[in-house]
Protein chains: 2
Amino acid sequence: MARPTIADIATRAGVSKGAVSFALNGRPGVSDATRERILKIAEQMSWRPHSAARALGASRVDSVGMVIARPARTLGVEPFFAHLLSGVQSGLSAESISLQLLIVEDTAAEIEVYRRWTSEHRVDGVILVDLTVKDPRVDELRSLELPAVVIGGRGGKGALASVWADDRDAMLSIVEYLAALGHRRIAHVAGTPNFQHTQRRIRAVRDAAPRLGLLDAPSLTTDFSDSEGAAITRKLLSQSDRPTAIVYDSDVMAVAGLGVAMEMGVSVPGDLSIVAFDDSILTQLMHPALTALSRDTFDFGRQAAEVLLETIADPTTVVNRRTPDPVLTVRESTAPPS
Amino acid sequence: MARPTIADIATRAGVSKGAVSFALNGRPGVSDATRERILKIAEQMSWRPHSAARALGASRVDSVGMVIARPARTLGVEPFFAHLLSGVQSGLSAESISLQLLIVEDTAAEIEVYRRWTSEHRVDGVILVDLTVKDPRVDELRSLELPAVVIGGRGGKGALASVWADDRDAMLSIVEYLAALGHRRIAHVAGTPNFQHTQRRIRAVRDAAPRLGLLDAPSLTTDFSDSEGAAITRKLLSQSDRPTAIVYDSDVMAVAGLGVAMEMGVSVPGDLSIVAFDDSILTQLMHPALTALSRDTFDFGRQAAEVLLETIADPTTVVNRRTPDPVLTVRESTAPPS
DNA sequence: CTGGATTGATAAACCGGTATAGCTCCCGAA
DNA sequence: TTCGGGAGCTATACCGGTTTATCAATCCAG
């Protein structure tokens, strides 16, 4: 028999459909003996719930969504998303909930997807990444009443659940390390200024500068691309009082920066120390290998999944879970200034 | 009113549910006038189909799946998948079909996912990547009667639909280019030997060697990781009659190889030419930038989506679509041997 | 002018589960 | 002895669509 239904199980067990439903979902209404008999038969017939049928009656779909709004070109080299995805999935698979992934061009398209998903009942909740300062997605999701969890930024105003790491402390640990090595001219090549985490990192650098006696600590924003990372580096290294250390907000930009330094004859780490605010194979492929901030992105994803499931189960309580602080992995690209 | 159903539309239009269904799906059974009236009302009420309800009656879910069986660690740096995914989605979005993505550890887990998806009716079809020589997935999918399309390898024995590029011709173009530059000792750092495309590339090198008068053209297999790529390169460059050119099956390995050359004082492209069989930002971030084979991965994905939809619509005909041949993008890492 | 085919629409069954009202026992307390 | 009440189960409505059998009205050919 192809694809047994609970009706098949019911006839075979000599009970009603309802009893089978009760038994399979572990809820009261059948005796232990009957329950066990039903479960055994279901097992024998290798029954599996029909996801659509279940979604129709109850109103959960056992599926969550994640939309990434970035041009595909910049996505691939970012190991961040691959690790995050794996983590999310491992957090979901325990409950055998599936993940819908969508890559779109911009936030407008992303919001459109949320609307469609909601009206078509395709997902029970969503995971948000790359939170911006006044993020329109937050209000939209609230008005759609779609459970959501924000990755890497506090939901703000008690709005959405979130999973976040302390970017401020992380950035401080980098700058303090460089200061301890003796650096006084440190530059910060930041990401897109409208991202919340970019803002927090910039603020951290600015706040720490006087305390650590830094002469200069500019934060320069980019679009996260390798080309802008390279361009800014070229400009920084052309100054008369050029920095002795540069902190990059992504590993791709750090690699591009290293390339520029080599091309300009600036030795790393002799004349210039480089730190990447994100770790991956990339940093280790380089010569010299780059000192970088390592985050447990996989775990990040798993926790996001957990929090999302909690939020779906009980949308009234808003969880804001903090993850362990990232740590600085020192490699060959940092040294005391000459 | 929250989430209008076709029943709501029906009462408002003064017709039956069935008529509404006919109208919305563009099938005969209603007059043009009525159809238009119904469509207008549906539009006004911003009606959207409830995916689960639709999936229950008809037996299509409007959703396809893709499982990637690779450790997450090696996934992130591969821009290949990000581009492929975007392409697949662009091919699906035209029909507003959603994509389920899953990253698992190995093929056994992947097959388990296919079984679950089938029994739970979660997908209408799947896209297969990384076809191996005697791939167990092909038989499994056939016995599950789950429509599928293979990316990057002919389905074999008329089994599954496929979308493929000519790896053989591509590899020949690389080797011929190197030979034309004057290289006679060319090494090939290949990927995992059980992948079909690896086999085809190895065979291409072997077949071309005598015709081009190559003295030596070994193909050495790896697990696609940067570390094995580096290790093999170290071995190759330590030989007394070391190769003057190396072709790498992936850009990550090529980058690792370039690092080894620099570390050993072998100048690129002076003493060694390097070619990557795959292009991405990575190759352009390097100094020197790497000569690489560019494939339109996005288009690849889009075509795969198209073929899959055709296969779902009509499972009897098996499409084997060939995509445009990849082209060699020459950069700074190739030159005549010294 | 009549019979058969065609058009436009309806009512109802159906998909595979979940939720609920209600029925039948059986047990214990008054 | 009777009655209340809970445990165990059945029957059935329901979720939101699709599909089919049916039927009335219209049209055309003979």
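We name chains A, B, ... by the order of the sequence lines, and we start the count at 1 in each one.
A donor and an acceptor atom never sit less than 3.5 Å apart when one is taken from the side chain of A:Lys17 and the other from the base of C:dG16.
Checked against C:dT10, D:dT10, C:dG17, the side chain of B:Ala19 finds its nearest nucleotide in C:dT10. Considering only the side chain of A:Arg54, C:dT18 comes nearest among D:dC9, D:dG17, C:dT18. Side-chain proximity of B:Ala53 to C:dA9, D:dG17, D:dC9: nearest is D:dG17. Side chain of A:Ile6, nearest nucleotide from D:dG17, C:dT18, D:dG8: C:dT18. Listed nucleotides: D:dC9, C:dA19, C:dC15. Nearest to the side chain of B:Leu56: C:dC15. Among C:dA9, D:dT18, C:dG16, the nucleotide with an atom closest to any side-chain atom of A:Thr5 is C:dG16.
A salt bridge does not link B:Lys40 with B:Glu43: every distance from a Lys NZ or Arg NE/NH1/NH2 to an Asp or Glu carboxylate oxygen is 4.0 Å or more.
In this structure, B:Ser16 reaches the bases: a heavy-atom distance under 4.0 Å links it to at least one base atom across the strands shown. In this structure, A:Ser31 reaches the sugar-phosphate backbone alone: every heavy-atom distance under 4.0 Å involves primed, P, OP1 or OP2 atoms, never a base.
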Check nucleotides 21-27 of chain D against the protein and report each pair of N or O atoms closer than 3.5 Å, with its distance, or say if there are none.
none

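Overall bending of the helix from C:dC1-D:dG30 to C:dA30-D:dT1, expressed as the angle between end axes built from five pairs apiece, is 50° (10° steps).
For C:dG8, neither phosphate oxygen OP1 nor OP2 lies less than 4.0 angstrom from any side-chain nitrogen or oxygen of B:Arg35.
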